[in-house]
2 protein chains.
Amino acid sequence: MNQPMSLPGTPPVSIQALKTSCSACSMHQLCLPMGLEDADINRLDQIIGRRRRLARDERLYQMGEPFGSLYAVRFGHFKTYQVNAAGEAQITGFQMAGELLGMDAISGTHHCDAVALEDSEVCEIPFSRLEELFGEVPALLRHFHRIMSQEITREQNVMLLLGNMRAEQRFAVFLVNLSARYAARGYSPTSFQLRMSREDIGNYLGLTIESISRLLSRFKKQGWIQVDKREVTLLDPAKLKAVAAGTDVCSPA
Amino acid sequence: MNQPMSLPGTPPVSIQALKTSCSACSMHQLCLPMGLEDADINRLDQIIGRRRRLARDERLYQMGEPFGSLYAVRFGHFKTYQVNAAGEAQITGFQMAGELLGMDAISGTHHCDAVALEDSEVCEIPFSRLEELFGEVPALLRHFHRIMSQEITREQNVMLLLGNMRAEQRFAVFLVNLSARYAARGYSPTSFQLRMSREDIGNYLGLTIESISRLLSRFKKQGWIQVDKREVTLLDPAKLKAVAAGTDVCSPA
DNA sequence: CGAGAACTTGACGCTTTTCAAGTTGGGTGG
DNA sequence: CCACCCAACTTGAAAAGCGTCAAGTTCTCG
């Protein structure tokens, strides 16, 4: 139902036909081409490699693989996670349409795995070709730096969340953040589907699956949200924002 | 005693004399000029702004300030921290000689504060001039991207630490990390001074000051380290690495 | 329709925090 | 030079929050 048409093993049409230009992509206001002039967008189009479809749970790249390309999410959702020596995983982020994957790998090899949370599609951006273009389109380079900088800031916000916040506040931050990102993409900020499992949410927020389940129940009981399976509706966004900001005291169980 | 000479309010010598070239800097193998040819290092030298000295607790930049420059630490140590709406702070990193400050601000404004942990000095790198140089020295641009990418990876490692590790493991990771960074700078990997307070360490690791104090005492009692005020000696680095990697079970109190 | 995955809920226990009361050391003023 | 003071740190006891374990329910998919 929520999956985008068919997912053939081999492309049903020619590669050329599959190639949709950045200017025609609904995400071009959020993605790499943001703010570029038409002529420059076309140059970017030239270097975009094949688009790649991934089924649910399929891996885009893996820790240790040599770096070659960045990936822009066209549709669908991804999670990225690190695994340490002891085999424990930590989800470092959830990515949706218009967001860039693979920036941690520019140093040489991938430092995390990226896995599709649902049937998804990415644009492959060969980095060596992008580097060539940087010399010719300064605006592109500048925007690329902004994107990397924002990724650093995003991760610092997660550090703040994991280091300083209680479970309730973490979860509120999570919901408010999803809401804002869907809003930026033209979707409802108050009603959306969680594309990740409770376990993934818990891992990302430094909590257990049981804690997430309890938080969902508690938020529901408080009347802040409505939950049906993975469908969530924010009934009191202002309250959630206050809890997320920490300006609202925690409620007792 | 550990502080580098005098710290006059006004420069005792001319600005020109203060300007030391990158090639003469002991950190050039770790810092921005890494891997550049001599000619290109000289070009980088040209754009480096004034060096700036900061006393202990002095602030280099603050959240909300407009972005203008990156800063390379010449000597001394810094901490960077975020503050959320509720006024809670989270230290996002400790920076030492050869490391770059301010990458989170490229998006437009600073998203954290940077404060000197001791009397320190930085090289100011006006970003607009650096951008100009990117077009002329591709090797510099490539290295800059590597540095930003490594910063992203570093933060993902902190997320793993905050999200998945117990106090003992977090603290072992912290010590082992400091040890490796001092080793890379030619200092002893087993004996060094903590430049930050217990409170700063606790904040960074998502723990309280009391927990840090207890961990230090416990590690000392185990014979893994020796502690005298802020002077630390790693007596059993292999053990600490094992605890940090999680391949060693936690010991009882 | 059946099996397994995903999720929920409750009881209990452990890790870490909180609160409290010191101790130590560096810096300052008399 | 010493006494004093405050910041930084240490240590203990009690409490809280979240994890662990366990059992059960619901949903999904073959």
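Labels below follow one simple rule: chain letters A, B, ... track the order of the sequence lines, proteins then strands, and each chain is numbered from 1.
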Under 4.0 Å between any heavy atoms, over every strand shown, what does [X] touch: base, sugar-phosphate, or nothing? Just pick one.
{"X": "B:R230", "result": "sugar-phosphate"}
{"X": "A:I212", "result": "nothing"}
{"X": "B:S213", "result": "base"}
{"X": "A:G206", "result": "sugar-phosphate"}

Base-contact (B) and sugar-phosphate-only (S) positions in nucleotides 20-30 of chain D, heavy-atom cut-off under 4.0 Å, - elsewhere: BB------S--
A:F78 ring center within less than 6.0 Å of A:F94 ring center: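 So the answer is no for these two rings.
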Electrostatic pair B:R50-B:E124, nearest N-O below 4.0 angstrom: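 Looking at B:R50 and B:E124, the cut-off is met.
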SB check A:R195 A:E118 (cutoff 4.0 Å):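 Yes, charged N to carboxylate O under 4.0 Å.
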Heavy-atom closest pair, residues B:Q82 and B:T92: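 Of all heavy-atom pairs spanning B:Q82 and B:T92, the closest is CG-CG2, 4.1 Å.
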For the student: nearest non-hydrogen atoms of A:A55 and A:D119, plus distance: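 That closest heavy-atom pairing would be CA-OD1, 3.2 Å.
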Test applied, side chain to side chain contact (heavy atoms under 4.5 Å, CB included); reference residue, A:L30; option that passes from A:R185, A:M96, A:R181, A:E99: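 With A:L30 as partner, A:R185, A:M96, A:R181, A:E99 yield a single side chain to side chain contact (heavy atoms under 4.5 Å, CB included), made by A:R185.
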Step-by-step ring pair (Phe, Tyr, Trp, His ring centres under 6.0 Å) determination, A:Y187 to A:F192: CA-CA 8 Å; A:Y187 298 113; A:F192 47 84; over 10 Å; no
Aromatic plane relationship, A:F67 with A:H110 - under 30° parallel, 30 to 60° tilted, over 60° perpendicular: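 Rings of A:H110 and A:F67: perpendicular, over 60°.
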Axis bend over the full length of the helix from C:dC1-D:dG30 to C:dG30-D:dC1, computed from five pairs that close each end, to 10 degrees: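 The helix from C:dC1-D:dG30 to C:dG30-D:dC1 shows an end-to-end axis angle of 40°.
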